[in-house]
Amino acid sequence: METKYAITVDDLTVAYNYKPVLWDIDLAIPEGVLMAIVGPNGAGKSTLIKSILGIIKPIAGSVKIFGKPYKKQYKEVAYVPQKGSVDWDFPTTALDVVMMGTYGSLGWIKRPGQKEKKAALEALEKVGMLSFKSRQISQLSGGQQQRIFLARALVQNASIYLMDEPFQGVDATTEKAIINILKELRKAGKTLIVVHHDLQTVPEYFDWVTFLNVKKIATGPVKDIFNDGNLTKTYGINYKVSVQE
Amino acid sequence: MEITEYFNLLFTDYTLQTITLGTAVLGALCGMLGSFAVLRKQSLLGDAISHAALPGIALAFLITGSKDSNTLLIGALISGLIGTFWIRGIVKKTHLKSDTALGLILSLFFGFGMLLLTFIQKMPNANQAGLDKYLFGQAATLVSSDVWTMCIIAGLSLLILLVFWKEFKLLLFDADYTKSLGFNVKFLDILITFFIVISIVVGLQTVGVVLMSAMLLAPAAAARQWTNSLSVMVLLAAIFGAFSGVLGTAISASSNNLSTGPVIVLIAAVFVLFSFIFSPKRGLLFREIRYQSNRKDLELHKTLAFMYHIVKTHDNIDHPHAIKILNNFHGFTRKSLQKLESKEYITVNKTMWSLTEKGFDKAANLYNQQEENE
């Protein structure tokens, strides 16, 4: 049986001001994997995610979600941006931010109602933030803000989740809570792509990995390709990671 | 004319009614759209747009020869839009940052506009006077057709905001996410920018190009201090804007026709100052009070915790101890002991103190309590 791909990227090249950030990326992400994207700073990890989402327009190449362009498939994809990408002093509450996850399926003009509110409350409960629902978002800790972003993506009820550093600046408890939710989502057949920085936890958390440094270095199952050779190629230094079986 | 006289005349005088209605509507419109400019961190865009409108006014006069305000404002609108368009182009196509692009367009257009104004003043035609009112604004020159224009634009803006409320809110908070949800961010962006440009242009006659941006920013900045909800913020900004407009016009009209722009802006600045100091949650005053009272509470708790540690080593809680043993402890003063006694945490008997049951429980739960308060 042929593998079904959630996302296929063909010859993708992206540049800001003439300098390529992503160079000729080919990538096929099978459905149902929990995949880490690893690479040094400036490797283009966030750019790759944003290109898949159609936020950044590539110079060349194409991206397909379940074989169709993103514009036709946006309801299938949920996005968790970097926490630092928004102004948390914005005048709104935690529940309100999570409700934003329902806006995509509502479409233009239509307002969220009871059904959407119920979904948002459920998502808040799933990330353990229900008691903070009326909290002004600037008064949440970094870890709580990250959970709110995760809840907003959960509300979208998508098949593919793209997450940009969801573990950045969160404590060990939050990290465990988030990874448990991610693993649960994979069990439900969802595809998850996560920009990740902590190489030590890659084998424990993920089953698929992509090494990226402007070019794609390697992609495949963690147990086959997460080794010193690929790490050295990606990070440019002799990188030793103890991979626990 | 005294200011009380102004408000008395308001009920009878048609001209005053027109002017007052105009400035109120303008203030509300600017406050409403200004909230969006402020939250999008585009505060300076308004300044650039208003300055960029000046050459449009001068050119419209040179081309048509008419001083009809609606004709001149169409000129202002076109040149304001061109300015906005160029700013975006510069940011997008070059390495220049947006503050540089704004500054560049602002001075370029304003300089060109001033040049045209001086050129017009030197023309032999006697019909040219009065264009300089667009520099600092003159509310007294508002006529009912101007006010109608303002009302129509305010109504249209309100309608657009209500219809696309959800989309605008999403865009303001997280533009990338908005795009990922399949919304046309470019359309929303152009829509909101277009209405900001229009609201600036209709305000030029009243407030003038130089100070128009304050009309957008000040009410919004003041409103942000009082609320944590976007809808309330927009509503409050509209109310603050309307009041600044009306009060500013009343003062300027009642004292020898002072330029309206500066007066309105000063009134709006008073709103901002008042909000920065007195708003209960974000204001400087209450923040300082909260800070001081927290410090006092903490000192009290420190003393109580110290006492708790002493008492813990004894079998009975109310065993008396000498005040002297607190002497080399920094947190304690006569006053703090009195305060602890008034809260019934301790009893003081001459030179001795003893912890009460209540005080003991309080001290034992001090750390848990603090966590609950978090």
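Each chain gets a letter, A, B and so on, in the order its sequence line appears, and its residues count up from 1.
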Exercise. Take A/Asp87 and B/Arg40, measure what salt bridge (charged side-chain N to carboxylate O under 4.0 Å, His left out) needs, and give me the verdict at the end.
Key: CA-CA 10 Å; A/Asp87 175 12; B/Arg40 292 198 74 187; over 6 Å; no
Quiz item: Who wins among A/Lys50, A/Gln156, A/Lys75, A/Lys71 for the most heavy-atom pairs under 4.5 Å with chain B?
Solution: A/Gln156
Exercise. Among the options A/Gln136, A/Met99, A/Gln139, A/Gln73, pick out the one with the most heavy-atom pairs lying under 4.5 Å from chain B.
Key: A/Gln136
Quiz item: Where do A/Pro81 and B/Asp174 come nearest, in terms of heavy atoms and distance?
Solution: CG-OD2, 3.6 Å
Exercise. Just do the side-chain contact (heavy atoms from CB on, under 4.5 Å) check on B/Asn228 and A/Thr92 with the steps written out, would you?
Key: CA-CA 6 Å; B/Asn228 280 326; A/Thr92 190; over 6 Å; no
Exercise. Go through the steps for B/Tyr177 and A/Arg152 under the test side-chain contact (heavy atoms from CB on, under 4.5 Å), then give the verdict.
Key: CA-CA 10 Å; B/Tyr177 187 69; A/Arg152 183 175 70 170; 3.3 Å; yes
Practice problem: Considering non-hydrogen atoms only, spot the tightest contact between B/Met233 and A/Pro91 and give its length. | Solution: SD-CG, 4.0 Å
Quiz item: Closest approach of A/Asp89 and B/Arg224, non-hydrogen atoms and distance?
Solution: O-NH2, 2.5 Å
Exercise. Please list, in residue-number order, every residue in residues 186-198 of chain B that has a heavy atom less than 4.5 Å from any heavy atom of chain A; write 'none' if there are none.
Key: B/Phe187, B/Leu188
Exercise. Check the pair A/Tyr70, B/Ser180 against side-chain contact (heavy atoms from CB on, under 4.5 Å), reporting the backbone distance first and the verdict last.
Key: CA-CA 9 Å; A/Tyr70 183 79; B/Ser180 86; 3.8 Å; yes
Quiz item: So which part of A/Ile137 gets closer than 4.5 Å to some heavy atom of chain B, the side chain, the backbone, both or neither?
Solution: side chain
Quiz item: What closest approach, in Å, do B/Asp176 and A/Tyr79 show between heavy atoms, and which atom pair accounts for it?
Solution: CB-CE2, 4.3 Å
Practice problem: Please examine the side chains of B/Trp165 and A/Arg111, heavy atoms only from C-beta on, and report whether any two atoms are closer than 4.5 Å. | Solution: yes
Quiz item: How about A/Gln114: does its CD atom have over 12 heavy atoms from other parts shown lying under 6.0 Å from it?
Solution: no
Practice problem: Search all heavy atoms of B/Lys179 against all heavy atoms of A/Gly54 and return the closest pair with its distance. | Solution: CE-O, 3.6 Å
Practice problem: Write down the atom of A/Gly107, the atom of B/Lys166, and the distance for their closest heavy-atom approach. | Solution: O-NZ, 2.5 Å
Quiz prompt | Side chain / backbone / both / neither for A/Tyr16 at chain B, heavy atoms under 4.5 Å | solution = neither
Self-check item: Heavy-atom check, side chain of B/Thr178 versus side chain of A/Met100, under 4.5 Å
Solution: no
Quiz item: Going by the angle between their ring planes, with limits at 30° and 60°, are B/Phe183 and A/Trp108 parallel, tilted or perpendicular?
Solution: perpendicular
Quiz prompt | Segment of A/Val80 engaging chain B (4.5 angstrom heavy-atom cut-off) | solution = neither
